[in-house]
Amino acid sequence: MSTVTCISELKAFAMALPDPVFVLSETGVYIDIVGGQDSRFYVDSSVLIGKTVFDVLPEEKAQWFLQQIQNGLNHDGLYVINYELDGREVKGTVVAENLAGIVHFEGRIQKLDHLVNGERTVVWVAVNVSKRHALEQELRRLSDFDCLSGVLSRRKIMFELAQHYSQFSRYARTCSALILDLDYFKKVNDAYGHLVGDEVLKRVAQTCQTQLRDCDLLARLGGDEFMVLLPNTEMDEVLVLAERLRSAVENLRFIDLPTTCRISVSIGASVFFAGDDRKENILERADKALYRAKDRGKNQVQSYRPQDSLFYV
Ligand SMILES: Nc1nc2c(ncn2[C@@H]2O[C@H](COP(=O)(O)OP(=O)(O)OP(=O)(O)O)[C@@H](O)[C@H]2O)c(=O)[nH]1
């Protein structure tokens, strides 16, 4: 096979690729573009050949592209990046309606070992990963949020707790936690049905959320149990907030429940202490305080400090 045949065959292979392959010089010139003929996923970019990234992209974006070309040239092997691009930002291309808006790309950049017009060059394969990106976002949403109440999931708040514990053990940054558990919730379900019970869980979650600061995190741990994580908060402050949450829930009214049926929560509070060696310590104490609140008649706040092994409040 002659070299010419080889090159033309290689070009035919590249043309048949679903993703566009750009040959870009180190000053950002589009030297060649092949592939990417699938109009469901890509805009026809052939008009860009001979232009530079500065001719067709906003200045900031063009600078960013140039930096990635440099990174690709300085990198041994394949250099992979992720980026977003709105086809309407690219001057000269015609953007079909299905591609108008932000498209998520994976850029696969590989330097070439020859010069074109005296310049070093890279091959840049732009793979449209918008569907994968949307799926990843959806999976993250499903894993981070509780689907009934809309507040954070257990998994997410445990991750956050680990971060705050590490901030506490490294920099002594205080952090408090509350565990809330609805009182007599089984009776609500039994008497009025699970759908009404679900509504109660949602309203309690929404009500607590409105009482919290932006930096506070609220999660449903499961069943009728919730947790609040309060960064930079000492015990005296957290007790004020816990009392506010308790009172807000007590004052809720539900159209599906008779006025005699009042919803309330018991709350256990704790903060990180110097002797804590695991993130779970704070939860164990908050749990103990919660049991104490239940024992003492429910609809109240209790807290727990490790040094005296006594409940106070
Ligand atoms: N409606 C509804 N109920 C749930 C859900 N998850 C758990 N539950 C119910 O929540 C109730 C939890 O009851 P418990 O916390 O054990 O008991 P309780 O009646 O609240 O009693 P105390 O906590 O001691 O006041 C159980 O009846 C569960 O079936 C849910 O997603 N929706």
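Positions are given from 1, in the same order as the sequence printed here. First listed ligand is number 1; within each ligand, the first listed atom is number 1. Note: hydrogens, waters and symmetry copies are ignored here, and every other heavy atom, side chains too, is used.
At a threshold of 4.0 Å, the pair Lys156-Glu160 counts as salt-bridged, since one of the basic side-chain nitrogens sits closer than that to a carboxylate oxygen. Under the 4.0 Å criterion applied to side-chain N and carboxylate O atoms, Lys288 and Glu284 are not assigned as salt-bridge partners. The residues Asp183 and Lys294 are annotated as salt-bridged, a charged nitrogen and a carboxylate oxygen being separated by less than 4.0 angstrom.
With respect to Tyr79, the side chain to side chain contact (heavy atoms under 4.5 Å, CB included) criterion is satisfied by exactly one of Arg108, Gln68, Lys111: Gln68.
Scanning Leu182, Asp146, Asn189 for the heavy atom closest to atom 9 (C) of ligand 1 points to Asn189. Which of Asp224, Asp295, Asp198, Val200 comes nearest to atom 12 (C) of ligand 1 through a heavy atom is settled by distance: it is Asp224.
The Asp183 neighbourhood of ligand 1 comprises atoms 25 (O), with distances under 4.0 Å to a heavy atom of that residue. Of all the atoms in ligand 1, the ones that sit under 4.0 Å from a non-hydrogen atom of Asp181 are 15 (O), 23 (O). Of all atoms in ligand 1, listed by their number and element, those nearer than 4.0 Å to a heavy atom of Gly197 are 1 (N).
Donor-acceptor pairing under 3.5 Å is recorded for the side chains of Arg213 and Thr233. Looking only at atom types and distance, the side chain of Ser143 has a donor-acceptor partner in the side chain of Arg155 under 3.5 Å away.
Of all the heavy atoms of Lys202, none lies under 4.0 Å from any atom of ligand 1, so neither backbone nor side chain is involved. With a heavy-atom cut-off of 4.0 Å, Leu195 does not touch ligand 1 at all. Residue Lys294 touches ligand 1 through its side chain alone, judged by heavy-atom distances below 4.0 Å.
Closest to atom 29 (O) of ligand 1 among all protein heavy atoms lies His194 NE2, 4.1 Å. Protein heavy atom closest to atom 21 (O) of ligand 1, with residue, atom name and distance, is Tyr184 N, 3.9 Å. With respect to atom 11 (C) of ligand 1, the closest heavy atom belonging to the protein is Phe185 CD2, 3.8 Å. Among all protein heavy atoms, the one lying closest to atom 24 (O) of ligand 1 is Lys298 NZ, 2.9 Å. Annotation: atom 27 (O) of ligand 1 to nearest protein heavy atom, Lys186 CG, 3.4 Å.
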Inset, instruction - Mind running side chain to side chain contact (heavy atoms under 4.5 Å, CB included) on Ile81 and Ile109 for me, showing each step along the way? - result: CA-CA 8 Å; Ile81 48 166; Ile109 306 171; 3.8 Å; yes

Inset, instruction - Go through Leu229 and Asp216 one step at a time and tell me if the side chain to side chain contact (heavy atoms under 4.5 Å, CB included) criterion holds. - result: CA-CA 6 Å; Leu229 199 59; Asp216 300 331; over 6 Å; no

Inset, instruction - Report the C-alpha distance between Glu119 and Thr27 in whole Å, list the side-chain angles of each, state the deciding distance to 0.1 Å, and finish with yes or no for side-chain hydrogen bond (donor to acceptor under 3.5 Å, both in side chains). - result: CA-CA 8 Å; Glu119 285 197 65; Thr27 56; 2.8 Å; yes

Inset, instruction - Just do the side-chain hydrogen bond (donor to acceptor under 3.5 Å, both in side chains) check on Arg140 and Gln137 with the steps written out, would you? - result: CA-CA 5 Å; Arg140 190 161 299 129; Gln137 294 287 99; 3.3 Å; yes

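On a distance-only criterion, Arg220 and ligand 1 share at least one N/O pair closer than 3.5 Å. Between Leu201 and ligand 1, no pair of N/O atoms sits closer than 3.5 Å.
The aromatic ring centres of Tyr83 and Trp124 sit less than 6.0 Å apart.
Residue contacts with ligand 1 leave out Glu199, since none of its heavy atoms falls under 4.0 Å from the ligand.
Within the 4.0 Å cut-off (strictly below), a protein heavy atom is located near atom 6 (N) of ligand 1.
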